[in-house]
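Below is one structure; the comments refer to it alone.
Throughout, protein chains are lettered first and strands after them, A, B, ... in sequence-line order, and every chain is numbered starting at 1.
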2 protein chains.
Amino acid sequence: MAETKTKSNPGQSHSKTLKGLQSEVQSINRVALSVDCVIFGFDENKLKVLLIRSDLKKYQNKFSLLGDLVKPEEDLEDSAYRILKQRTGMDDLYLEQVHTFGEVGRHPAGRVVSVAYCSLINVQHHRLKTIDNDLHWHDVDSIKELLFDHKKIFDACYKWLQKRVQEHPLGFSLLPNKFSLRELQNLYEAILNKKLDRRNFRKKFFSMNFLVDMGEEEQNVPHRPGRLYKFDYEKYEKNKKTWSGIDF
Amino acid sequence: MAETKTKSNPGQSHSKTLKGLQSEVQSINRVALSVDCVIFGFDENKLKVLLIRSDLKKYQNKFSLLGDLVKPEEDLEDSAYRILKQRTGMDDLYLEQVHTFGEVGRHPAGRVVSVAYCSLINVQHHRLKTIDNDLHWHDVDSIKELLFDHKKIFDACYKWLQKRVQEHPLGFSLLPNKFSLRELQNLYEAILNKKLDRRNFRKKFFSMNFLVDMGEEEQNVPHRPGRLYKFDYEKYEKNKKTWSGIDF
DNA sequence: ATATTATTGTGTAAAATAAACACATTATTT
DNA sequence: AAATAATGTGTTTATTTTACACAATAATAT
């Protein structure tokens with residue numbers, strides 16, 4: 001919040017005290033604030049989203065994003081990290097704020113404004129410590145309806161991801177540390193929902209100079225194994241100025 | 001907000017009632033929510049931002065963004081439009097949400113989470129109905145310090161604008177309805193803070209097929225006058241698929 | 001009137017990037 | 001040993017971006 005002034009008193013400023021503002025902030029005009037996380041994963045060559053069956057009896061056959069109220073003494077972003085930790089058992093996940101949804105009627109329990117965050121996780125890691133029986137991965141293209149306005153929130157985050165992944169190297173958060181170029185391409189094809197040219201795809205990523213050849217090969221594939229690479233963040237930072245895209 | 005479940009009770013769901021959630025939403029965990037608007041203008045070939053001298057006695061020598069608390073019965077976006085209307089007297093301004101700032105200590109009056117909006121206005125129109133003596137246009141490159149964390153909010157919105165203007169035709173909101181290509185280029189140079197090649201600039205905009213030649217020329221310029229154009233939103237919608245950029 | 005000034009309006013060539021496309025190689029399976 | 005299925009690699013073409021110069025025009029100064 002910034003400066004408020006009564007419309008009837010234009011041109012007269014310095015009329016408010018901090019104390020007056022404090023009481024305004026502490027008593028009236030408050031709303032419930034929540035965070036909803038759209039957590040993407042990548043498994044079996046499909047883009048997935050982590051959902052939970054609604055806690056609420058009335059809505060128990062609907063799926064929902066993972067969210068919670070922001071606590072009064074908690075930074076907004078910390079709130080999102082807390083939800084991720086509670087739900088996945090994982091720390092240090094990729095997390096970015098996408099949009100805030102604040103229509104009056106969006107939540108049946110009253111005025112709840114929700115800040116949407118997008119998170120990307122490595123499904124393999126998550127599998128080992130799945131915490132909650134009601135949490136499930138859903139194919140993104142199977143999402144037809146969600147609780148409240150969560151479909152709208154999901155759509156916004158999915159579009160955001162499709163755009164963002166073409167400008168920033170965030171897809172690696174969805175893959176194991178070591179991956180083949182085929183896996184990387186499958187990921188991009190799943191996110192963008194279109195086929196890409198294999199040779200041009202390889203050329204493009206190699207030219208960006210942030211993939212490190214691990215000198216290893218895929219195991220247990222029923223065909224010639226591909227080389228394994230890892231994403232090197234330092235090399236990314238060093239080279240990103242020289243690329244063509246805005247700031248991939 | 002979405003689904004909350006006590007950490008101590010994993011795997012057990014459908015445990016909450018809507019009523020229970022309602023009381024949670026209505027009593028505890030509430031915060032003050034505000035909207036802060038970064039209002040850009042373009043005048044004398046410079047990008048400007050509309051600021052107000054702080055209302056608060058304690059901070060009366062600091063400048064501030066234009067904001068207010070969100071009312072309990074007001075859509076978030078409507079809150080932003082209300083602020084714009086109050087401060088500029090103008091309706092139907094370009095407005096887009098940019099980011100939400102929710103650190104615990106960001107506001108001295110208590111916990112205030114703020115949603116930042118970016119707005120673009122035609123300064124010529126605004127001049128005619130300036131409402132408030134404490135409102136002033138500031139060159140964006142003169143902004144060194146603002147109230148609270150408003151500099152951070154401003155920076156985020158300015159970066160957002162620089163990126164957004166290269167993907168969407170929103171710069172026209174900053175210009176008069178009729179403008180010369182030189183004015184348009186000056187605008188882009190001011191926003192991006194760099195020189196552009198005049199011939200390539202013209203070629204690019206003409207190729208996008210949304211500028212309509214008004215058959216008029218500039219008046220009162222001390223040199224050969226340029227032709228005047230207007231931005232045609234319908235033509236933009238019709239042709240935007242055919243361009244090179246992501247979705248300029 | 002004339003010259004001067006400042007800016008408009010226009011096209012092409014070179015460079016960089018993106019797109020299209022085929023075949024030999026290598027593990028695995030049969 | 002043959003069949004399978006995917007890897008690894010380069011070139012050609014099309015498209016996009018960049019760099020760059022000069023004649024035309026209206027206003028101003030002389």
Side-chain angles (χ1 to χ4, degrees), chain A residues 44-45 163 165-167 169 175-176 178-190 192 194-230 239-248, chain B residues 44-45 163 165-167 169 175-176 178-190 192 194-230 239-248:
Chain A
E44 295 170 319
N45 290 338
K163 184 170 179 189
V165 79
Q166 300 191 64
E167 299 170 347
L175 292 177
K178 300 175 189 177
F179 50 84
S180 68
L181 275 192
R182 164 53 60 187
E183 289 174 296
L184 186 62
Q185 184 174 341
N186 284 343
L187 172 66
Y188 272 76
E189 290 182 343
L192 300 175
K194 68 177 178 189
K195 288 275 163 212
L196 302 172
D197 181 276
R198 192 164 60 93
R199 275 175 287 188
N200 292 335
F201 183 85
R202 298 170 70 90
K203 209 187 321 179
K204 181 167 187 174
F205 273 85
F206 286 140
S207 77
M208 293 192 282
N209 279 322
F210 54 53
L211 293 183
V212 177
D213 188 336
M214 301 300 282
E216 299 173 51
E217 291 184 334
E218 291 178 292
Q219 301 293 325
N220 305 319
V221 286
H223 55 76
R224 175 176 177 181
R227 277 208 277 271
L228 295 178
Y229 296 85
K230 70 169 185 183
N239 292 308
K240 68 179 175 182
K241 294 283 177 192
T242 68
W243 303 330
S244 49
I246 294 179
D247 62 346
F248 186 99
Chain B
E44 294 170 321
N45 289 341
K163 184 170 180 189
V165 79
Q166 300 192 65
E167 300 170 346
L175 292 176
K178 300 176 191 177
F179 49 85
S180 68
L181 274 194
R182 163 54 58 188
E183 289 173 294
L184 185 61
Q185 184 173 343
N186 285 342
L187 172 65
Y188 273 75
E189 290 181 342
L192 301 175
K194 68 176 179 191
K195 288 273 164 214
L196 301 172
D197 180 277
R198 191 165 61 94
R199 272 175 291 186
N200 292 335
F201 182 86
R202 298 170 72 91
K203 207 188 321 177
K204 181 166 187 174
F205 274 85
F206 286 142
S207 77
M208 293 190 285
N209 279 321
F210 55 51
L211 293 183
V212 177
D213 188 335
M214 302 298 285
E216 299 175 50
E217 291 184 337
E218 290 178 293
Q219 302 293 325
N220 306 318
V221 285
H223 53 77
R224 176 177 175 181
R227 277 208 279 272
L228 295 177
Y229 297 85
K230 70 169 182 183
N239 293 307
K240 66 178 175 181
K241 295 283 177 194
T242 69
W243 303 329
S244 52
I246 295 178
D247 62 347
F248 187 100

Could you tell me the separation between the [atom1] atom of [X] and the [atom2] atom of [N], rounded to a whole number of Å?
| X | N | atom1 | atom2 | answer |
| --- | --- | --- | --- | --- |
| A:Phe201 | D:dT9 | CZ | P | 15 Å |
| A:Tyr229 | D:dT7 | OH | C1' | 10 Å |
| B:Lys195 | D:dA19 | NZ | P | 15 Å |
| B:Glu218 | D:dT25 | CD | C1' | 13 Å |
| A:Phe179 | D:dA6 | CZ | P | 20 Å |
| B:Arg182 | D:dA26 | CZ | C1' | 17 Å |
| B:Lys204 | D:dT15 | NZ | C1' | 14 Å |
| B:Arg227 | C:dT10 | CZ | C1' | 10 Å |

- [ ] Of all the heavy-atom pairs spanning B:Asp197 and B:Asn200, show the shortest one and how long it is.
- [x]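 Closest approach of B:Asp197 to B:Asn200, heavy atoms only: OD1-N, 2.8 Å.
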TODO: Scan nucleotides 20-30 of chain C nucleotide by nucleotide, 5' to 3', and note B when protein non-hydrogen atoms come under 4.0 Å of the base, S if they reach only the sugar-phosphate, - if neither.
DONE: BBB--BBBS--
Open item on the list: Using ring centroids (six-membered ring only for Trp), state whether B:Tyr188 and B:Phe201 fall under 6.0 Å.
Closed with: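 For B:Phe201 and B:Tyr188, the ring centres are under 6.0 Å apart.
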- [ ] Walk me through it: do B:Lys204 and B:Arg199 pass the test side-chain contact (heavy atoms from CB on, under 4.5 Å)?
- [x] CA-CA 9 Å; B:Lys204 181 166 187 174; B:Arg199 272 175 291 186; over 6 Å; no
- [ ] Evaluate the criterion side-chain contact (heavy atoms from CB on, under 4.5 Å) for residue pair A:Asn45 and A:Leu187; output intermediate values, then yes/no.
- [x] CA-CA 7 Å; A:Asn45 290 338; A:Leu187 172 66; over 6 Å; no
Task: Qualifying salt bridge (charged side-chain N to carboxylate O under 4.0 Å, His left out) pairs, either residue in residues 208-226 of chain A, two or more places apart - done: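 Residue pairs with at least one partner in residues 208-226 of chain A: A:Lys178-A:Glu216, A:Asp213-A:Arg227.
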- [ ] Check step by step if salt bridge (charged side-chain N to carboxylate O under 4.0 Å, His left out) holds for B:Glu189 and B:Lys195.
- [x] CA-CA 6 Å; B:Glu189 290 181 342; B:Lys195 288 273 164 214; 3.6 Å; yes
